[in-house]
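Order of the sequence lines sets the chain letters (A, B, ...), proteins ahead of strands, with each chain counted from 1. All heavy atoms count here, side chains included; hydrogens, waters and symmetry mates do not. Note that the structure is a prediction, hence the values are computed from the model and not measured.
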Amino acid sequence: MTETTRTMLLNAGPAHPAMHGVIRIELGLDGEVIRQADVEIGYLHRGFEKHCEASSYTQCFPYTDRLNYVSPLINNFAFAAGVEKLMGLEVPERCQYIRVLMSEISRICDHLTCIGASAMELGAFSVFLYMIKAREWLWELVEEVTGARLTVSYGRIGGVKADLTADFAERCREVTSKVSEVLGEVDELLTRNRIFYDRMRGVGVISAESAVAYGITGPFLRSTGVDYDVRKASPYFVYDRMDFDVPVGGQGDNMDRYLVRMEEMRQSLRIVEQCLEQMPEGPTNVDPDGKLIAPDLMADLGKFGKTRGLLSNEVLIEPTLQGSEKRFHDRVYAADKASRLPAKEQVYSNIEALMNHFKIVMMGHGIRPPRGEVYFPMEGANGELAFYIVSDGSDRPWRVRCHPPCFPIMAALSSILEGDQMADIIPTFGSVNMIAGELDR
Amino acid sequence: MPGSTLTRLQESFPEAILGTHSRLGEDTAILKPEALRRVARFLKEDPRLRFDFLMDLTAVDHWKRKPRFELVCHLYSRSNNARLRLKAPLGGASPEAPSLTSLWPAADWYEREVFDMFGIRFRGHPDLRRILMYREFQGHPLRKDYPIDKRQPLVGPKD
């Protein structure tokens with residue numbers, strides 16, 4: 001006797017309660033087994049790249065916040081670092097430490113969200129609450145420095161928006177010790193938990209070869225045993241001075257991805273501590289000429305009438321409203337390295353800073369990186385995050401391409417899912433840590 | 001060793017390379033589009049170069065320049081910790097390039113995105129359809145002649 005079976009078509013998403021972010025997976029099911037999975041993305045496409053082409057370099061920052069909205073600081077810094085490389089700017093040491101510190105805090109937030117949400121979807125609700133609580137403490141730190149929780153726009157070309165607050169180190173240490181306690185608790189709750197283990201181990205397996213072929217990076221790649229980490233391979237900022245390990249897995253399944261992320265958070269805590277210890281005093285921004293200058297010194301220079309260095313000197317016409325007339329646009333060039341927005345207090349209190357601000361913000365003036373192109377990779381929470389920026393020498397980028405780390409993982413998702421059970425979609429998809437904001441841009 | 005990849009590439013494909021440079025320390029090779037797959041295969045399989053990662057594939061619309069489009073690939077070699085940018089100028093009313101899907105499955109979605117955003121077709125791609133936009137979308141949004149405020153016709157539910 002023969003049985004006839006028929007593949008059942010089932011849509012998971014785009015609005016499924018266990019799918020964080022809008023995505024649709026069209027499944028072909030044979031009973032509970034997934035025979036075929038077609039991943040459809042694009043539900044959150046907002047035209048990030050098109051918008052950037054129509055904005056000045058400074059205006060791109062708020063858009064980058066909205067790529068990976070769980071760790072927006074890394075996006076900010078990646079974009080800033082790309083433009084800085086194009087302009088040949090080097091940011092002060094303190095700024096580099098701040099960027100590393102804030103990136104690592106963001107990475108912890110990202111991993112906390114990823115593991116917390118996955119655990120909740122597998123029924124471990126308390127883990128979710130513990131982890132989100134810990135993320136909240138970290139977000140409070142971020143809020144204290146940047147003034148916002150999610151849409152931080154903290155990066156600036158040539159620096160950061162503001163220095164750390166006076167008692168930051170103390171508060172940060174308090175939070176990190178609490179976070180590491182939470183990690184310990186979660187470790188006890190999950191790692192040896194039979195139910196969790198059975199759902200994660202041997203599920204969503206990808207081999208190292210196929211992960212490399214798909215261009216996957218980050219914790220997802222490292223879970224397969226490949227130790228590629230941009231922070232080690234091509235260190236940026238001051239990562240070369242940090243002492244940290246890159247955890248790798250061996251089997252490339254969900255359990256390994258969970259373990260890699262847990263260990264990465266501990267390593268990030270180590271980096272945060274080292275940043276706090278090593279961070280030097282000094283300016284957080286480059287001066288308008290690209291030399292290092294303290295903000296108070298800059299204001300003093302202005303007060304004594306020494307404005308030559310503060311203003312860009314390649315201007316052919318007066319930097320007044322006249323300059324914004326369209327026919328003058330070609331003639332107005334801010335000095336190559338005049339990039340930094342002056343501090344708001346300065347803008348409101350002296351004319352030099354006001355003019356400086358004006359020259360960066362007004363259409364037709366602005367930051368003008370020289371013609372050229374740059375690809376700047378950084379280790380985002382999900383993997384290699386890179387901006388490919390093409391400049392035509394004007395005040396607006398000709399092309400901004402964001403290489404989103406979860407895009408290649410999503411491309412590989414259907415091949416990972418095929419052959420697994422329907423219920424395995426939840427842990428596997430959770431371990432991808434898809435962020436629709438950066439995936440669809 | 002910046003530049004050593006480029007020297008090797010130029011030695012192996014003197015006829016296909018239109019130019020090379022290492023501005024800002026980033027190795028770049030500009031090649032004829034028809035040689036793209038051949039050169040990419042060499043870069044991937046050559047035991048000394050071993051560019052095993054296709055990190056990114058995108059395009060740039062240079063609008064009034066000729067040829068108008070440029071396909072940009074970023075490769076990474078784990079064994080040499082080296083990066084390389086490949087660029088191929090594409091012109092004509094309906095630009096076309098060879099697909100890299102047979103070398104890296106990663107190219108599949110990247111090429112679909114380039115097709116979606118720029119209207120560049122890839123010869124040999126197994127499933128070239130839109131990825132970020134919906135099927136009924138008209139035009140290619142990242143082309144410079146696509147106005148940023150352009151409206152699209154309302155699409156009703158499918159039958």
Side-chain angles (χ1 to χ4, degrees), chain A residues 38-47 49-51 53-55 85-88 209-217 221 226-228 230 232-234 370-377 383-384 386-388 390 392 398-405 407-408 410-413 415 439-441, chain B residues 21 23-28 44 52-63 65 70 72-78 80-85 87 101 103-114 116-118 127 129-135 137 141-144 146-150:
Chain A
D38 186 17
V39 180
E40 194 180 288
I41 66 168
Y43 290 93
L44 208 65
H45 180 68
R46 294 139 300 159
E49 290 169 9
K50 188 81 175 173
H51 271 301
E53 288 173 14
S55 318
K85 186 173 178 193
L86 204 52
M87 296 172 79
E209 295 75 45
S210 111
V212 169
Y214 271 103
I216 294 173
T217 48
L221 175 70
V226 180
D227 65 345
Y228 173 66
V230 189
K232 290 278 190 198
S234 40
R371 272 166 197 274
E373 59 192 337
V374 72
Y375 179 86
F376 198 96
E384 176 168 315
F387 284 95
Y388 172 60
V390 180
D392 63 339
W398 181 259
R399 170 101 171 92
V400 175
R401 152 84 179 159
C402 168
H403 166 66
F407 191 86
M410 291 306 288
L413 185 65
S415 69
L439 179 72
D440 296 343
R441 283 152 286 138
Chain B
H21 68 78
R23 278 177 217 139
L24 298 172
E26 298 182 5
D27 286 348
T28 308
K44 190 189 173 201
D52 43 1
F53 271 94
L54 174 67
M55 274 299 179
D56 196 28
L57 189 151
T58 186
V60 181
D61 178 0
H62 286 292
W63 189 214
R65 206 199 282 176
E70 207 170 51
V72 186
C73 311
H74 287 98
L75 307 183
Y76 175 70
S77 156
R78 231 172 352 126
N80 297 335
N81 191 18
R83 286 176 190 277
L84 176 66
R85 180 188 296 134
K87 300 209 287 185
T101 37
L103 294 171
W104 290 283
D108 183 344
W109 274 29
Y110 289 134
E111 285 172 0
R112 276 177 67 189
E113 190 181 329
V114 170
D116 191 355
M117 293 291 152
F118 291 93
D127 183 22
R129 58 192 159 105
R130 288 188 182 274
I131 184 165
L132 294 177
M133 295 302 174
Y134 45 95
R135 201 176 52 193
F137 190 89
L142 277 182
R143 286 191 172 194
K144 290 282 178 185
Y146 185 95
I148 194 164
D149 52 356
K150 187 179 160 150

Quick check on A/R371: does its CZ atom have over 12 non-hydrogen neighbours (other residues, nucleotides or ligands) under 6.0 Å away? no

The interface call for B/R129 against chain A, heavy-atom contacts under 4.5 Å, is side chain

So which part of A/T217 gets closer than 4.5 Å to some heavy atom of chain B, the side chain, the backbone, both or neither? side chain

Salt bridge or not for B/K144 and A/D392, using N-O below 4.0 Å? no

Look at the aromatic rings of B/H74 and A/Y388 and report parallel, tilted or perpendicular, splitting at 30° and 60°. perpendicular

For B/R112, which atoms come within 4.5 Å of any heavy atom of chain A: side chain, backbone, both, or neither? neither

Measuring heavy-atom distances to chain B, does A/Y228 have an atom under 4.5 Å in its side chain, in its backbone, in both, or in neither? side chain

Go through the atoms of A/V400 and report whether side chain, backbone, both or neither lie under 4.5 Å from a heavy atom of chain B. neither

Please flag which part of B/L24 lies under 4.5 Å from any non-hydrogen atom of chain A: side chain, backbone, both or neither. both

Is A/E384 in contact with chain B via its backbone, its side chain, both, or neither, using a 4.5 Å heavy-atom distance? side chain

Atom group of A/I216 that falls short of 4.5 Å from chain B, counting heavy atoms: backbone

Of all of A/G215, A/G42, A/A213, which one pairs up most often with chain B through heavy atoms under 4.5 Å apart? A/A213

Does B/D61 offer a backbone N or O that forms a donor-acceptor pair with the side chain of A/W398 under 3.5 Å? yes

Taking every non-hydrogen atom, the tightest pair across B/A59 and A/R399: O-NE, 2.6 Å

On a heavy-atom basis, which atom in B/L132 and which in A/I41 lie closest, and how many Å separate them? CD2-CD1, 3.9 Å

Spacing of OH belonging to A/Y375 relative to CZ belonging to B/R83, to within rounding of 0.5 Å: 5.5 Å

So do the side chains of A/R401 and B/V60 get within less than 4.5 Å of each other, counting heavy atoms only? no

May I ask you to decide if B/M55's main-chain N or O and A/H403's side chain share a donor-acceptor pair within less than 3.5 Å? yes

Chain A contact via B/L57 - which portion, at a heavy-atom distance below 4.5 Å: backbone

Would you say B/M117 and A/E49 make side-chain contact, with heavy atoms under 4.5 Å? no

Check each atom of B/P105 against the heavy atoms of chain A and say whether the ones under 4.5 Å are side chain, backbone, both or neither. both

Options B/D56, B/D116, B/I131, ranked by heavy-atom pairs under 4.5 Å with chain A, top entry: B/D56

Mind checking what makes side-chain contact (heavy atoms from CB on, under 4.5 Å) contact with B/N81, not counting sequence neighbours? A/A233, B/Y76

For A/K50, which residues count as a salt bridge (Lys or Arg N to Asp or Glu O under 4.0 Å) partner, sequence neighbours excluded? none

Side chain, backbone, both or neither: which part of A/E373 has an atom under 4.5 Å from a heavy atom of chain B? both

Taking atom CZ of B/R23 and atom CG of A/L86, what is their separation to the nearest 0.5 Å? 11.5 Å

Heavy-atom contact with chain B under 4.5 Å, split by part of A/V390: side chain

Distance-only, no hydrogens or angles: does the B/R78 side chain make a donor-acceptor pair with backbone N or O of A/D227 under 3.5 Å? no

Quick one: what part of B/R130 sits under 4.5 Å from any heavy atom of chain A, side chain, backbone, both or neither? neither

